Amino acid sequence: MNRRLAMFALAFAAFTAPALSSSLAAQSVPTPESVLGFAVGDDFRLASYEDALAYFQALDAASDRLELRQIGATSEGRPWYIALISSPENLRNVDRYREISLRLAHPEGLSDAEARALAQDGKTIVAIEGGLHATETAHAQHTIQLAYDLVTEKDGATTSAILDNVITLLWTSINPDGQTMVADWYESNLGTPFELSPLPGLYQAYIGHDNNRDGYGLNMIETRVVQRLVRSWEPQVMYSHHQTSPFPATIWLPPYADPVHGGMHPLITRMMSFMGMAAANALEARGQLGATHMGVGYDAWYPGYNDFVSTFHNVVIMFSETGLHGSATPRFYRVQDFPPQDRDLRPGSLHVSRWPGGWWRLKTSVDYMLTTSMSTLDVAAKYRENLLFNRYQAGRDVIQTYAEGPPYAYLVPQEQRDPVAAVELLRRLAFHSTDVQQLTAPVTLEGRDYPAGTWIIPMDRANASLAQALLAPQDYPELRASPEAPVDKPYDVAGWTLPYQMDVRVIAVGSPLGDDVRAAMEPVSGDVVPWDAPGDAAPFDMVPGAGFDTNATAAGIVPPAGRLTGGGRALEISAVQNNGFRALNRAWDLGAQVRLVGGVPGTDGGPGTAARYLITGLDGSAANQMVADYALQARRSDVGGVELPRPRIGLYRPWTASIDEGWTRWLFEQFGFAFQSLYNADVRAGDLRDRYDVIVLPEMRGRQIVQGRAVGTVPARYSGGIGEVGVRALDQFVRAGGTLVALNGSSDFAIEQLHLPVENVVGEL
Ligand SMILES: [Zn+2]
């Protein structure tokens with residue numbers, strides 16, 4: 001080759017290299033269609049979680065820009081993965097970038113200059129998820145296409161800048177069980193009159209739609225898997241997709257509606273609004289009309305949402321509600337079907353462009369989501385250093401706030417009415433990376449003595465806003481459209497103060513911690529259990545399996561050892577201990593007997609005495625084992641009270657997917673109750689008293705219990721409720737001495753259908 005030709009070849013290679021590598025990458029990477037057998041967003045086609053996983057595994061094998069990692073398993077035991085997507089070089093150094101992210105999230109002892117240097121070196125970590133509300137189907141489909149578009153640099157320089165500057169943590173779905181349930185249900189009804197019929201059960205093993213209200217409760221396996229992953233990366237940005245836009249807007253994006261919780265750092269709130277506006281702008285640029293913001297609902301108040309709880313860790317939460325419906329069956333909308341005030345398609349300052357009606361397909365929703373996800377990644381790439389430094393700055397400011405003003409700390413004594421309740425509370429905080437410490441020596445604080453072993457949460461920490469939001473009382477603002485207008489109803493939970501809800505004594509410290517207190521403090525730490533460890537790591541707490549013990553701090557928070565004192569034939573347990581229920585059920589399992597000594601109400605505001613359970617017929621070692629497992633504070637006493645036979649429990653389980661039924665079922669299972677699910681046919685079969693002592697109706701509307709879903713709207717076996725026959729069967733059950741427990745709204749059923757001489761005095765509120 002002569003010199004000139006060599007120069008030309010070199011120049012040509014340099015010029016074409018990026019384009020060549022990009023197109024080569026695209027050639028060798030399988031398209032979603034080649035694996036799924038259909039294109040993402042095709043009418044009438046939904047990828048199940050297994051389909052999606054097969055595609056991600058194919059991508060993992062074909063590309064060095066995507067790495068699939070197992071992060072846990074679901075409630076139904078599905079292996080669960082997350083994809084890391086970035087440039088090959090970033091993926092090689094991913095541990096270093098994760099360390100930078102964690103350091104900036106927990107900047108105790110870091111200087112501004114050090115933080116700036118880390119922000120310059122780091123990459124933006126963005127977690128995007130394919131949703132958890134499984135009947136909103138588009139998000140878990142869009143993640144498949146998003147992975148392909150990123151790996152193949154679909155948008156050229158924009159995408160390659162994203163790969164260079166951002167490490168994307170992509171969950172195909174954060175409810176894999178639900179994704180497959182809904183895909184299977186849809187497919188089984190496709191082409192029948194029931195194509196659009198609702199799933200006849202919950203799309204998560206226990207709590208269905210409430211799977212997005214477990215952010216700090218952490219009761220479900222899925223919530224703990226997600227939070228464990230999030231807290232081990234501390235992404236600067238998380239994007240959570242949903243699919244219920246306020247009709248006829250086609251997508252809702254931040255800024256959030258009022259009220260905004262005071263615990264959120266202004267930089268974080270501003271960046272959420274910025275990201276929402278950037279996404280809306282990207283939609284307009286592509287002619288995807290109809291985005292809106294703020295309005296009523298979708299506020300920024302409640303930390304219980306699985307994503308939003310992370311704003312109290314100073315994470316920017318991007319959130320959207322896309323699409324007019326969540327089905328794979330296309331639907332046509334006419335302007336005359338819009339609400340009257342929306343029919344003139346007049347632009348507003350927030351609802352800028354108006355969608356004029358027409359077909360809305362799964363593909364339409366998927367495409368909107370691809371635009372907003374890509375926009376979020378684009379902002380994350382362009383504002384990489386700002387986002388990393390903002391995370392530091394927000395944390396630094398929170399530390400300073402609590403270093404200079406109250407509460408300086410929270411104290412949680414070991415001595416409680418129910419000592420395990422305090423442990424349940426603290427383990428959840430610790431799982432959320434709250435710094436929980438313990439006193440190694442007695443101290444006196446604000447005139448009160450606290451013994452060694454007292455837990456203490458120092459508040460001069462970057463994520464103290466979460467502890468503050470959960471431990472301090474809420475003061476929900478009085479919002480009105482105008483001074484004369486009625487008070488706005490809160491969109492969701494308005495108050496949740498955990499010490500009140502869980503009956504745990506927690507003391508806010510109003511003066512700075514002295515050197516003596518600091519010297520007595522020691523971080524709590526225990527032995528970490530792997531997420532897939534067999535057995536129940538902590539039988540005394542509410543969650544099964546590895547539970548909270550995958551976290552070192554949480555694993556170190558244990559209740560005072562169970563104690564059995566005194567003498568006598570019966571084992572006596574105060575009813576104020578939640579684990580008393582476990583004890584009763586285990587005693588019955590072992591063939592022992594239980595008696596009840598009723599409590600005595602206090603007089604003149606006094607405390608009174610709690611009811612007590614007396615267990616007899618349990619041998620010594622079984623009793624000791626039970627006291628140890630459940631950390632019971634128990635004593636031996638003489639036999640008294642009345643016999644308490646084990647109740648045979650029926651829990652009503654409608655085909656209308658009752659969230660409260662699922663929560664109640666979960667509680668029954670965790671506390672060892674013997675119960676059966678009662679379906680409509682079981683109730684209608686009658687003779688209930690022969691089979692049950694107690695029937696529990698979960699919270700639901702009375703009409704739903706009687707009528708269920710209308711005939712013709714769902715496959716025949718799921719239509720109807722208990723009907724008149726079922727009402728009579730329940731009436732006979734009660735008349736024959738059975739106990740009917742009606743939770744919340746189902747009380748109206750009991751009042752109306754069983755003609756009780758009582759009135760629902762809060763019915764009109
Ligand atoms: Zn949703």
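Whatever order the structure lists ligands and atoms in, that order sets their numbers, starting from 1. Scope of the values below: all heavy atoms of this structure, side chains included, with no hydrogens, waters or symmetry mates. These figures come from a predicted structure and were not determined experimentally.
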Assess H242: does it contribute an N, O or S atom lying under 2.8 Å from the Zn ion (ligand 1)? yes
With sequence neighbours excluded, residues passing salt bridge (charged side-chain N to carboxylate O under 4.0 Å, His left out) with E76: R78
Verify whether the ring centers belonging to F319 and H242 lie closer than 6.0 Å. yes
Donor on one side chain, acceptor on other, W360 and S365, under 3.5 Å: yes
Answer yes or no as to whether an N/O/S atom of E321 is found below 2.8 Å from the Zn ion (ligand 1). no
Kindly give the atom name of the N, O or S atom of H133 closest to the Zn ion (ligand 1). ND1
Would you tell me whether Q288 and T250 have side-chain atoms, one donor and one acceptor, within less than 3.5 Å of each other? no
